[in-house]
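Chain naming here is simple, since letters A, B, ... match the order of the sequence lines and numbering starts at 1 in each.
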Number of protein chains: 2
Amino acid sequence: MAKRTQGKPAGLSRQRIAAAAVDLVDRQGLESFGVRRLASELGVDPMSIYNHIKGKAALLDAVSEAVLTEVSATSAQWPDDWTAIARTMARGYRDMAMRHPRIFPLLATRAQTSAVALEALERLTAAMRRAGIPDQTIADAPLVLFGFLNGYLLATVSADPGGTGDPATGAAPPAFDPTLYPTLSALAPLQAGFGGEAEFERMLETVVVGIAEGATRPQAARPGRGSRGATAARPTSDGTVIV
Amino acid sequence: MAKRTQGKPAGLSRQRIAAAAVDLVDRQGLESFGVRRLASELGVDPMSIYNHIKGKAALLDAVSEAVLTEVSATSAQWPDDWTAIARTMARGYRDMAMRHPRIFPLLATRAQTSAVALEALERLTAAMRRAGIPDQTIADAPLVLFGFLNGYLLATVSADPGGTGDPATGAAPPAFDPTLYPTLSALAPLQAGFGGEAEFERMLETVVVGIAEGATRPQAARPGRGSRGATAARPTSDGTVIV
DNA sequence: TAGGTAATACTTACGGTGTAGGTATCACAT
DNA sequence: ATGTGATACCTACACCGTAAGTATTACCTA
């Protein structure tokens, strides 16, 4: 007897589950999120979810994929110039991060291998190739751009530790001891624009220009640091691409 | 009856607990980490840990602080030039990240408010002030530098999703479909140096130069993006500093 | 229309988690 | 010797992810 105790039509599907999960994490945060909570949200038995998604990890992957899809859906038309593509992507990515601050850590932390992520990378790198950028620079570009975006947006957007913070409070800065940290204290008022759009644009510009210049400059020589030596390249253990 | 069933002296302390936790996460990864596992590692009852550390969150904070302390302990003498300080910090930070790849996500994800983190920031910003850099640039610098470091190192160092990967395997890249992603496929061999030292130095240079140039360049104007408007600055909810 | 079959939903159960509350034991100053 | 505060310990609770097994539905074929 498959009772339908809730009013919901309950035609479960990966899409519907992912959408509900996104909504739930947005509202309640990551640490309280779980299969059971999600199931009760959907008016469904926890185990039913496993028919569509393999486990909690896959569930989180589905959440990541869903919000990533929002990003590429934002821009219907892509420019030709690779710097314009990079900037458009970056802005869409930031917008998404600000829409889903509790979800964003997931994207920054886990390797993204979904089709939508790879398509975005393909689009960027292809445009750079068309522009005649050296291959090594192109190969580095995604890591530079999204490495920066992930780190900057992590600090900026999901600043409450553990996501347990009450978003309504906005609690005033407790301010550190000025005798211990005089410079930081003096600078504190200037951090009013922390995470603001102007700041973001400034930094994005720095990164894009940095990539573009890397294409023309010879590879920077490293001042000697002693015995360390080669520090062999450490490829990702599973060959996945982190966006 | 306080039985000492294990051979360990078991003079529990925040330090000893943190050290054991660092070791445990290094070996087993973050997701399997827990109070009970740690307690059994220490040959101690789980609840005993709560006498020294308030809860799991505080425990993770202690872990972060412990590895951060390693970084500042690395360099006994700090240079005067702020760019040299920034580079030294960045390299020490990277070394730490590579020593503790399973722990690093903790640092990138959670706001750092420990004394050792604030001291580092104070050191950097003070040197920039001595050099006459504009205050706004100084206020932005930590976010740029550590934002980049966190994002880049996250992608580079802890690339296995969930930390469940067997570090011994080094599994060969599964390689994506070349017909779908021709450019990415063509570039794949160039990513052999992914996460290597040379690449890191190149990008670090880009960021440091970017900060330095931000000091001289007027604030970059933003090309219009329509109706969005102000996007009010969103200060961190608790005023903490993310390192 | 009847029968078979694959997909879907559900129930139960197990071994784990973080931690609140209460109790026994110790070290040490008086 | 005695009191006293810190330390360690045990029990218990509510919750978690998910393996295994069972009932119900939907659909295709004859």
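- Put simply, OH on B/Tyr50 is 15 Å from C1' on D/dC10, counting in whole angstrom units.
- Going from atom CG of B/Asp45 over to atom C1' of C/dA24 covers 13 Å, rounded to whole Å.
- The side chain to side chain contact (heavy atoms under 4.5 Å, CB included) test applied to B/Ala115 returns A/Tyr181, B/Glu119, not counting sequence neighbours.
- In this structure, the CG atom of A/Asn51 is 13 Å from the C1' atom of C/dT11, given to the nearest Å.
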Distances under 3.5 Å between protein N/O atoms and the N/O atoms of nucleotides 13-16 of chain D, please, pair by pair.
{"unit_1": "D/dC16", "atom_1": "OP1", "unit_2": "A/Arg37", "atom_2": "NH1", "d": "3.4"}

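- Looking at the side chain of B/Met47, the nearest of the listed nucleotides D/dA8, C/dA20, C/dT12 is C/dA20.
- For B/Ala97, the side chain to side chain contact (heavy atoms under 4.5 Å, CB included) test picks out B/Phe104, B/Leu153, B/Val157, with sequence neighbours left out.
- Considering only residues two or more places apart in sequence or on other chains, B/Asp26 meets the side chain to side chain contact (heavy atoms under 4.5 Å, CB included) condition with B/Val22, B/His100, B/Ile103.
- Atom-to-atom, CD1 of B/Ile49 to P of C/dA20 comes out at 14 Å; the value is rounded to the nearest Å.
- Computed from coordinates, the B/Arg14 CZ to D/dT7 P distance equals 15 Å when rounded to whole Å.
- Atom CG in A/Leu60 sits roughly 12 Å away from atom C1' in D/dG17 (whole-Å rounding).
- For A/Arg37, the side chain to side chain contact (heavy atoms under 4.5 Å, CB included) criterion is met by A/Leu24, A/Ser32, not counting sequence neighbours.
- Sequence neighbours left out, the pairs with a member in residues 43-65 of chain B that pass salt bridge (charged side-chain N to carboxylate O under 4.0 Å, His left out) are B/Arg14-B/Glu65, B/Asp61-B/Arg110.
- A donor-acceptor contact under 3.5 angstrom links the side chains of B/Asn150 and B/Tyr93, judged on distance only.
- The separation between B/Ile53 atom CD1 and C/dA20 atom C1' is 18 Å, rounded to whole Å.
- Remark: A/His52 is in phosphate contact with C/dA9, judged by side-chain N or O atoms under 4.0 Å from OP1 or OP2.
- Look at CD1 on B/Ile17: it is 11 Å from P on D/dT7, rounded to the nearest Å.
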